[in-house]
Amino acid sequence: MTDKKPNDKFMRRAIELSEIASIKEKSGGVFGSVIVKNDEIIAEGYNQVIKHNDPTWHGEMQAIREACKKLKSPHLEGCTLYTSAEPCPMCLATAYWAHLDHIYYAARVEDAIKYGEFDDGSIYAEFAKKPEERTIQCIEIKELRPEAVKIWKAYSEMPGRIHY
């Protein structure tokens, strides 16, 4: 991966969007994001968790969704995410799934904890546990695995299958 110098103009727009979310619209937390390709903003997003009662409506998630729609692809190679704060576990994972090239952030996790009580430490701790030891237990229904795997096998043998 090549080193790329961040552009303050894009980060300032992400910060501006975080202010819209948290202070102006009160739609959610202090999180705003932009996706940039070829030195141009192609998508924006800001936190709207409260407005839509949707725990996935983070600024990064909205920006990634909009960029993917615009580019007509689930992958954002050649794109950079500017986000007002260090991404949470969900947004970071989504950035990897979207194949973003770079992520730049301004505020740190400790700022989100100190000033907004946004602490994802418990989520990271849960990820480290075995599925059966998690607070929300993940339990395999072993008897139905053959039914589920049957579909996986058919998918693996399907000509022209869609893979992302």
Side-chain angles (χ1 to χ4, degrees), residues 1-129 131 134-136 138 155 160-164:
M1 186 175 284
T2 61
D3 288 330
K4 183 178 179 186
K5 186 178 181 328
N7 186 318
D8 292 352
K9 155 179 94 169
F10 300 134
M11 184 58 73
R12 285 194 175 98
R13 177 61 181 156
I15 293 167
E16 181 182 326
L17 290 165
S18 78
E19 183 180 30
I20 291 170
S22 60
I23 295 172
K24 293 181 178 176
E25 290 188 7
K26 298 177 181 71
S27 61
V30 190
F31 306 101
S33 301
V34 298
I35 305 276
V36 175
K37 184 168 187 166
N38 299 324
D39 229 23
E40 176 186 328
I41 293 176
I42 62 166
E44 297 183 338
Y46 57 89
N47 192 293
Q48 297 184 54
V49 168
I50 301 303
K51 180 178 181 180
H52 295 288
N53 296 310
D54 180 345
T56 69
W57 206 302
H58 291 198
E60 298 94 334
M61 298 291 286
Q62 182 182 15
I64 289 169
R65 287 177 184 135
E66 295 302 318
C68 288
K69 281 185 210 173
K70 185 171 186 172
L71 298 179
K72 297 178 174 47
S73 172
H75 298 143
L76 299 174
E77 286 98 350
C79 294
T80 299
L81 171 67
Y82 286 82
T83 184
S84 63
E86 199 170 347
C88 74
M90 173 182 66
C91 293
L92 184 59
T94 303
Y96 276 96
W97 279 321
H99 301 189
L100 284 160
D101 288 0
H102 295 84
I103 299 172
Y104 295 113
Y105 61 90
R108 295 179 178 174
V109 166
E110 51 266 33
D111 300 320
I113 294 169
K114 182 176 181 178
Y115 301 111
E117 299 177 31
F118 288 94
D119 186 354
D120 297 321
S122 63
I123 296 171
Y124 287 111
E126 287 291 311
F127 289 164
K129 295 177 184 177
R134 294 177 183 152
T135 303
I136 300 174
C138 299
Y155 172 77
R161 72 178 178 181
I162 298 171
H163 186 272
Y164 54 92

I'd like to check the salt bridge (charged side-chain N to carboxylate O under 4.0 Å, His left out) partners of [X]; sequence neighbours left out, ordered by chain and number.
{"X": "R12", "answer": "none"}
{"X": "E77", "answer": "none"}
{"X": "E40", "answer": "none"}
{"X": "K69", "answer": "E66"}

Can you list everything that forms a side-chain hydrogen bond (donor to acceptor under 3.5 Å, both in side chains) with E126? Sequence neighbours excluded, please.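 side-chain hydrogen bond (donor to acceptor under 3.5 Å, both in side chains) list for E126, sorted by chain: K129, T135.
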
Please enumerate all residues that pass side-chain contact (heavy atoms from CB on, under 4.5 Å) together with [X], with sequence neighbours excluded.
{"X": "S122", "answer": "none"}
{"X": "D54", "answer": "H52, T56, W57"}
{"X": "A106", "answer": "M11, I15"}
{"X": "P74", "answer": "Y164"}

What pairs meet the ring pair (Phe, Tyr, Trp, His ring centres under 6.0 Å) rule with one or both residues in residues 32-51, with sequence neighbours excluded?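 Counting only pairs at least two positions apart or across chains, no ring pair (Phe, Tyr, Trp, His ring centres under 6.0 Å) contact touches residues 32-51.
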
Separation between [atom1] of [X] and [atom2] of [Y], rounded to the nearest 0.5 Å:
{"X": "R134", "Y": "I123", "atom1": "CZ", "atom2": "CD1", "value": "12.0 Å"}
{"X": "I64", "Y": "Q62", "atom1": "CD1", "atom2": "CD", "value": "11.0 Å"}
{"X": "I103", "Y": "L81", "atom1": "CD1", "atom2": "CG", "value": "5.5 Å"}
{"X": "H58", "Y": "R65", "atom1": "NE2", "atom2": "CZ", "value": "9.5 Å"}

So F127 and Y124, would you call those rings parallel, tilted or perpendicular, with 30° and 60° as cut-offs? perpendicular

Do the side chains of [Y] and [X] get nearer than 4.5 Å, heavy atoms only?
{"X": "L71", "Y": "I42", "result": "yes"}
{"X": "D120", "Y": "V109", "result": "no"}
{"X": "I41", "Y": "Y82", "result": "no"}

Show the atom names and distances, to 0.1 Å, of all donor-acceptor pairs under 3.5 Å that link a side chain in residues 26-34 to residues at least two apart or in another chain.
| residue | atom | partner | partner atom | Å |
| --- | --- | --- | --- | --- |
| K26 | NZ | I23 | O | 3.3 |
| S27 | OG | A21 | O | 3.4 |
| S27 | OG | N47 | O | 2.7 |
| S33 | OG | E60 | N | 3.3 |
| S33 | OG | T83 | OG1 | 3.0 |

Ring pair (Phe, Tyr, Trp, His ring centres under 6.0 Å) partners of Y105, counting only residues at least two apart: none

